[in-house]
Amino acid sequence: MQVFKFGGASVKDAEGVKNMASVLQKTGYKNTLIVVSAMGKTTNALELVIKNYFDNKTELQSSLQEVIKYHNEILLTLFEDDSHQVYTKVTSFFDELKSILKSNKSPDYNFVYDQIIGFGELISTTIVSEYLNSIGISNNWIDVRNQIKTDNYYRRAHVNWSITQEHISKQFNTQILNITQGFLGSDANNFTTTLGREGSDYTAAIYAYCLNANSVTIWKDVPGVLNADPRYFENAQLLNKISYREAIELAFYGASVIHPKTLQPLQAKEIPLYVKSFLHPEAPGTRIGKNITLDPMIPCFIVKKNQVLISLSSLDFSYIVEENISEIFNLLHLHKMKVDVIQNSAISFSVCIDDNYNNLEKLLLHLKAKFKVTCHENVSLYTIRHYNQSAINQIETGKTVLLKQLTQETVQIVGY
């Protein structure tokens, strides 16, 4: 059993879907599961639909129509016969989406987000599945929500591994090519849940773990895992081999090529992960596995933008000790803040966070009741693994550095 994951960039248009089929024909697809993300920037487009649903009803239909138009253009290119069953299936999903937008009574943004956002994956996998069938690549379409079960922590759900293992073991047919959605699951009440942005990689790892797969391959628009994001850094280099530990470190610090949760189930069963280019499927890409030395051994750069740096100091110059720190972390947890860096001294405490749930104002209100608070929004967090002075200079040049923290292998710099 092998698991392939194709991201949104690989199926962003009709040519992408055709290229995906070409990759399967070149690599082979016997005893294979394919996990597919939403097409192109569909997730972003559906996020705008959700935003308009809550904040700008006059633009709701227009934003929804853009999503429908985008998929219809892909359909018309792939399927000349407009009586093909794929049109009915895709229309049915959009009708269901419209029904949710019309009948929903919940004011909970996170719940509504998960009920709407997953239609991108449901539609993309339907189109891909039907296209592959049409060219002779028979396959079985799976609704991942019937197999991956989670709690109801909407937008970042936690997998119930025992129930998920049971469902996958009972329902999965290894005798045919299977296609399913990334990113999604469902809770005990069968409401759709999501595993966090970029969660499709994690979906592939969940299936690989439960099916004892031989390997997982993530197909990207880059040659493999690079030592830096080429959108922000020039002359990014391919990393040929990485250990699980190194990859987990890179993912933890925010390397976007791998989801932070993806590697843990793979490491547990020593399932190798390959990151390859869907443009050059014959190229070796990057191999991630057990007891592998980073090759080549060079600095690795990671940047996370739109961060928030909060600096706290005691109002009466008393020490910030265990009791204060415990209270701070309780507030961070209460407001669902993801902590990326912490730094403290005797009377001060700084933390760099992701405000994924837009709870910053509420958090600051609580903190200001007990601490002197300084807040810097829209800062960037730079992380360098295996740094040298030249790498640090490259990051710091021309920037205002607000926080800097060094360990033996890693330096983190917050600035703008």
Side-chain angles (χ1 to χ4, degrees), residues 2-12 16-17 20-21 24 29 32-47 49-50 67 70-71 74-75 86 89-90 92-94 96-97 100 113-133 139-150 154-160 163-164 167-168 171-173 176-187 190-211 213 216-219 259 261-262 265 278:
Q2 61 181 348
V3 179
F4 286 172
K5 180 262 176 173
F6 288 88
S10 65
V11 290
K12 66 181 180 180
V17 176
M20 177 183 171
L24 294 176
Y29 50 86
T32 299
L33 166 67
I34 302 174
V35 176
V36 184
S37 300
M39 292 175 151
K41 299 295 184 182
T42 298
T43 299
N44 292 341
L46 285 171
E47 285 182 333
V49 171
I50 297 165
V67 179
Y70 170 71
H71 288 88
I74 295 174
L75 284 170
V86 69
K89 290 183 177 182
V90 170
S92 177
F93 278 126
F94 279 122
E96 185 181 349
L97 172 54
I100 291 172
Y113 181 100
D114 276 10
Q115 305 323 298
I116 293 174
I117 206 74
F119 280 95
E121 279 72 17
L122 293 167
I123 293 167
S124 71
T125 50
T126 298
I127 294 173
V128 168
S129 174
E130 292 293 338
Y131 176 73
L132 293 178
N133 278 326
N139 65 87
N140 176 44
W141 185 89
I142 298 171
D143 189 334
V144 71
R145 298 172 297 179
N146 295 330
Q147 297 189 344
I148 294 183
K149 306 300 288 187
T150 72
Y154 298 110
R155 294 181 67 195
R156 203 166 68 207
H158 305 97
V159 175
N160 185 319
I163 297 178
T164 296
H167 282 233
I168 290 176
Q171 300 173 16
F172 199 87
N173 179 4
I176 189 171
L177 172 66
N178 290 279
I179 296 178
T180 195
Q181 308 78 40
F183 182 51
L184 308 180
S186 69
D187 63 17
N190 291 322
F191 288 116
T192 302
T193 57
T194 61
L195 306 177
R197 288 298 298 265
E198 309 300 331
S200 293
D201 292 0
Y202 187 34
T203 302
I206 293 167
Y207 271 101
Y209 179 92
C210 292
L211 294 168
V216 174
T217 302
I218 297 174
W219 297 95
H259 188 277
K261 296 179 182 177
T262 298
F278 58 74

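Keep in mind the model is a prediction, meaning the values are calculated, not measured.
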Taking the side chain as everything from C-beta on, heavy atoms only, tell me whether [X] gets closer than 4.5 Å to [Y].
{"X": "Val36", "Y": "Met20", "result": "yes"}
{"X": "Tyr29", "Y": "Ile34", "result": "no"}
{"X": "Phe119", "Y": "Val67", "result": "no"}
{"X": "Thr42", "Y": "Glu121", "result": "no"}
{"X": "Leu97", "Y": "Phe93", "result": "no"}

What distance separates [X] [atom1] from [Y] [atom2], expressed to the nearest 0.5 Å?
{"X": "Leu75", "Y": "Glu130", "atom1": "CG", "atom2": "CD", "result": "10.0 Å"}
{"X": "Phe4", "Y": "Leu24", "atom1": "CZ", "atom2": "CG", "result": "6.5 Å"}
{"X": "Tyr207", "Y": "Ile142", "atom1": "OH", "atom2": "CD1", "result": "5.0 Å"}
{"X": "Thr32", "Y": "Ile179", "atom1": "OG1", "atom2": "CD1", "result": "10.5 Å"}
{"X": "Gln147", "Y": "Thr164", "atom1": "CD", "atom2": "OG1", "result": "9.0 Å"}
{"X": "Met39", "Y": "Ile74", "atom1": "CE", "atom2": "CD1", "result": "4.5 Å"}

Taking all atoms of both residues into account, what is the closest heavy-atom pair of [X] and [Y], and its distance?
{"X": "Ala157", "Y": "Lys261", "answer": "O-NZ, 3.9 Å"}
{"X": "Gly182", "Y": "Ser200", "answer": "CA-OG, 3.3 Å"}
{"X": "Val216", "Y": "Ala208", "answer": "CG2-CB, 3.4 Å"}
{"X": "Gly8", "Y": "Ser37", "answer": "N-CB, 3.6 Å"}
{"X": "Leu46", "Y": "Ile116", "answer": "CD1-O, 4.0 Å"}

By the definition side-chain contact (heavy atoms from CB on, under 4.5 Å), identify the one residue from Ile163, Ile168, Asp187 that meets it with Lys149.
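Only one option passes, and that is Ile163.
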
Sole residue of Val3, Val144, Val159, Leu211 in side-chain contact (heavy atoms from CB on, under 4.5 Å) with Ile206
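By the side-chain contact (heavy atoms from CB on, under 4.5 Å) criterion, Ile206 pairs with just one of Val3, Val144, Val159, Leu211: Val159.
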
Asp143 meets the side-chain contact (heavy atoms from CB on, under 4.5 Å) criterion, sequence neighbours left out, with Leu122, Trp141, Arg145, Asn146, Gln181

Among all residues two or more places apart in sequence or in another chain, which pass the side-chain contact (heavy atoms from CB on, under 4.5 Å) test with Thr194?
Asp114, Ile117, Arg155, Phe183, Leu184

Quick one: do the Glu47 and Tyr113 side chains pair a donor with an acceptor below 3.5 Å?
yes

Are there over 12 heavy-atom neighbours, none belonging to Tyr209, within less than 6.0 Å of that residue's OH?
no

Looking at Phe191, I'd like to know if its CZ atom is crowded, meaning that more than 12 non-hydrogen atoms belonging to other residues, nucleotides or ligands lie closer than 6.0 Å.
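No, CZ of Phe191 has 12 or fewer neighbouring heavy atoms, counting only those of other groups under 6.0 Å.
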
Not counting sequence neighbours, which residues clear side chain to side chain donor-acceptor pair (under 3.5 Å) with Thr150? List them please.
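So Thr150 forms a side chain to side chain donor-acceptor pair (under 3.5 Å) with Thr193.
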
Kindly assign one of parallel, tilted or perpendicular to the pair Trp219 and Phe6, based on the angle between their ring planes and the thresholds 30° and 60°.
parallel

The test is side chain to side chain donor-acceptor pair (under 3.5 Å); show your working for Thr217 and Lys5 and say whether it passes.
CA-CA 6 Å; Thr217 302; Lys5 180 262 176 173; over 6 Å; no

